Amino acid sequence: GLGIPAEPLFRSLSNPVLTAIAQGFNNRELIAGLILPVHMVAASEFKYHQLDPSLQSFKAPDAALGATAQPNEIPLAMAEKTAATNDYGLVHRVPQKRIDEAPEGYDHIKVGAATLTKNIWLGHEARTATAVKAAANYTEKQALGSNGTKKISDATADLPKQLMEQLDRPLLRPNQLTLGRDVATALRTHPSIVKAIGINGTDSGVVSLAALADLLELDRILVGNALVNTSKNSTPNLTNPWAGVFAAHYVNAMANPGMLEDDATFGFTAMSLDLDVQTTEDMSRGTRGVQSIKVAAEMVELITASSPYLRG
């Protein structure tokens, strides 16, 4: 009755410090960003370029030009596509009482923001693994063990020769391999690989990933180690989404298909909203209120140049 406005029960603010921490998050166990590099796009709906080898710029053009003639015009080797980002977000609530009584140096809000950020990127990791394993994203499904080739599990296979021949076949030679941990171990200990690299003059041992990449003339070899909880209930079910994967890709991290550049790369992650952290005070809960942390992002994983699929 005194005309004094009531204190709002909810106050939600974007937190620049926590947002900076979230955007700087780096987990070496996650490899999705090295397969589908992240690039910002201007809006949630956007256009991007997808490699189309049937277009003219993969042919040798006639560039001869007369003194007064018009130069020949050729289209780019890219098809224009339209896509939209998806919305992702997670929330964690912390009673103000726990925050007030936390041990010195322990920040419940920062810990909560870091945990949510990790889980946002784990979702990205799982979706990228799904895209990598999808046969529709590959022009050639070169299953090892077919067409005269041998499986990695076959100790008699000449893997250096076999893999080099298959890597040399695509229009864009792959510059990296993506492997599950199980496949990586099988490759690194295979007698033909060990012998080719020349460890102690024998075919028994373990080669480094760097030595294997050098042997196959690749920029790098990625090994997926992430564990993702796929459970829909309270009982955790941790799985490695990269288990069994053996895939070859051409990745150009500098290429940004979302900017309509004429540079090929296996794919990219388009983001219309980089990770944003908001904190909310809810004075209607508990004795001292509750603080909520929300981490949100807008992104979508896209394949822009199909690759061969070398399945072990």
Side-chain angles (χ1 to χ4, degrees), residues 18 21-38 85-94 98 106-138 151-153 176-189 206 208-209 212 220-249 251 266-269 271 274-277 292-303 309-312:
L18 295 179
I21 292 173
Q23 293 180 0
F25 176 85
N26 181 30
N27 186 335
R28 293 179 180 273
E29 293 292 300
L30 305 183
I31 62 173
L34 299 174
I35 303 167
L36 302 179
V38 174
T85 55
N86 300 312
D87 299 342
Y88 298 99
L90 295 170
V91 172
H92 176 60
R93 293 185 176 88
V94 185
R98 287 184 63 194
Y106 188 87
D107 190 325
H108 281 285
I109 301 300
K110 285 185 178 179
V111 170
T115 300
L116 296 181
T117 299
K118 178 182 178 181
N119 280 280
I120 291 285
W121 284 123
L122 280 173
H124 175 241
E125 187 88 354
R127 293 190 301 274
T128 299
T130 297
V132 165
K133 292 183 287 190
N137 291 329
Y138 298 86
K151 290 182 174 292
I152 295 172
S153 57
Q176 66 183 46
L177 288 182
T178 300
L179 308 175
R181 172 57 65 184
D182 52 338
V183 178
T185 298
L187 265 179
R188 294 173 63 199
T189 58
V206 181
S208 69
L209 288 174
L212 180 58
R220 62 186 166 198
I221 296 176
L222 304 175
V223 179
N225 293 310
L227 291 177
V228 177
N229 183 12
T230 60
S231 174
K232 300 298 183 181
N233 53 47
S234 59
T235 303
N237 181 29
L238 296 177
T239 62
N240 183 342
W242 301 107
V245 168
F246 187 119
H249 305 119
V251 175
F266 175 64
F268 77 117
T269 300
M271 291 190 77
D274 202 347
L275 270 81
D276 179 63
V277 182
S292 296
I293 314 117
K294 182 179 80 172
V295 178
E298 299 169 6
M299 69 178 86
V300 64
E301 299 78 18
L302 295 168
I303 306 303
Y309 188 41
L310 310 179
R311 185 70 179 182

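Here the structure is a predicted model, which is why all the values come from computation and not from measurement. Computed over heavy atoms, backbone and side chain alike; hydrogens, waters and symmetry mates excluded.
Side-chain N or O atoms of N119 include one that pairs as donor or acceptor with a backbone N or O of T115 at under 3.5 Å. Between the side chain of K118 and the backbone N or O of N27 there is no donor-acceptor pair closer than 3.5 Å. Proximity of a side-chain donor or acceptor of Y138 to a complementary backbone N or O of K133 within less than 3.5 Å is not detected. The backbone N or O of L36 sits less than 3.5 Å from a side-chain atom of T269, completing a donor-acceptor pair. Judged by distance alone, with hydrogens and angles left aside, the side-chain atoms of D182 form a donor-acceptor pair with the main-chain N or O of G244 at under 3.5 Å. Here the side chain of S231 pairs a donor or acceptor atom with the backbone of N233 at under 3.5 angstrom.
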Give the C-alpha distance, both sets of side-chain angles, the deciding distance and a yes or no for side chain to side chain contact (heavy atoms under 4.5 Å, CB included) between L122 and L30.
-> CA-CA 8 Å; L122 280 173; L30 305 183; 3.7 Å; yes
Worked verdict on W242 versus L179 for side chain to side chain contact (heavy atoms under 4.5 Å, CB included) = CA-CA 7 Å; W242 301 107; L179 308 175; over 6 Å; no
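Every residue meeting the salt bridge (Lys or Arg N to Asp or Glu O under 4.0 Å) condition with R127, not counting sequence neighbours, appears here in chain and number order: E301. For H92, there are no ring-ring contact (aromatic ring centres under 6.0 Å, His included) partners at least two apart in sequence or on another chain.
Across every non-hydrogen atom of P37 and G267, the tightest pair is CD-O, 3.5 Å. For T128 against A32, the heavy-atom pair with the smallest separation is OG1-CB, 3.4 Å. A pairwise comparison of heavy atoms in Y88 and M299 identifies CE1-O, 3.6 Å as the closest pair. Here the shortest heavy-atom pairing between V132 and I35 reads CG2-CG2, 4.0 Å. Of all heavy-atom pairs spanning S292 and V91, the tightest one is CB-CG1, 4.3 Å.
Here F268 contributes atom CZ and L302 contributes atom CG; the two are 5.0 Å apart, rounded to the nearest 0.5 Å. Distance CD/E298 to CG/D87: 5.0 Å, rounded to 0.5 Å. From T185, atom OG1 reaches atom CD1 of I152 across 11.0 Å, with rounding to the nearest 0.5 Å. Between the CG atom in D276 and the NZ atom in K294 there is a gap of 7.5 Å [rounded to 0.5 Å].
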Distance-only check: which donor-acceptor pairs under 3.5 Å involve side-chain atoms of residues 220-228, not counting sequence neighbours?
unit_1 : atom_1 : unit_2 : atom_2 : d
R220   : NE     : Q176   : OE1    : 2.9
R220   : NH2    : L34    : O      : 3.4
R220   : NH2    : Q176   : OE1    : 3.4
N225   : OD1    : R181   : NE     : 3.2
N225   : OD1    : R181   : NH2    : 3.4

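Under the 4.5 Å side-chain criterion, counting only non-hydrogen atoms from C-beta, M271 is not in contact with T85. Within the 4.5 Å cutoff, no side-chain heavy atoms of F25 are placed close to those of L275. Within the 4.5 Å cutoff, the side chain of I293 has heavy atoms near those of the V277 side chain.
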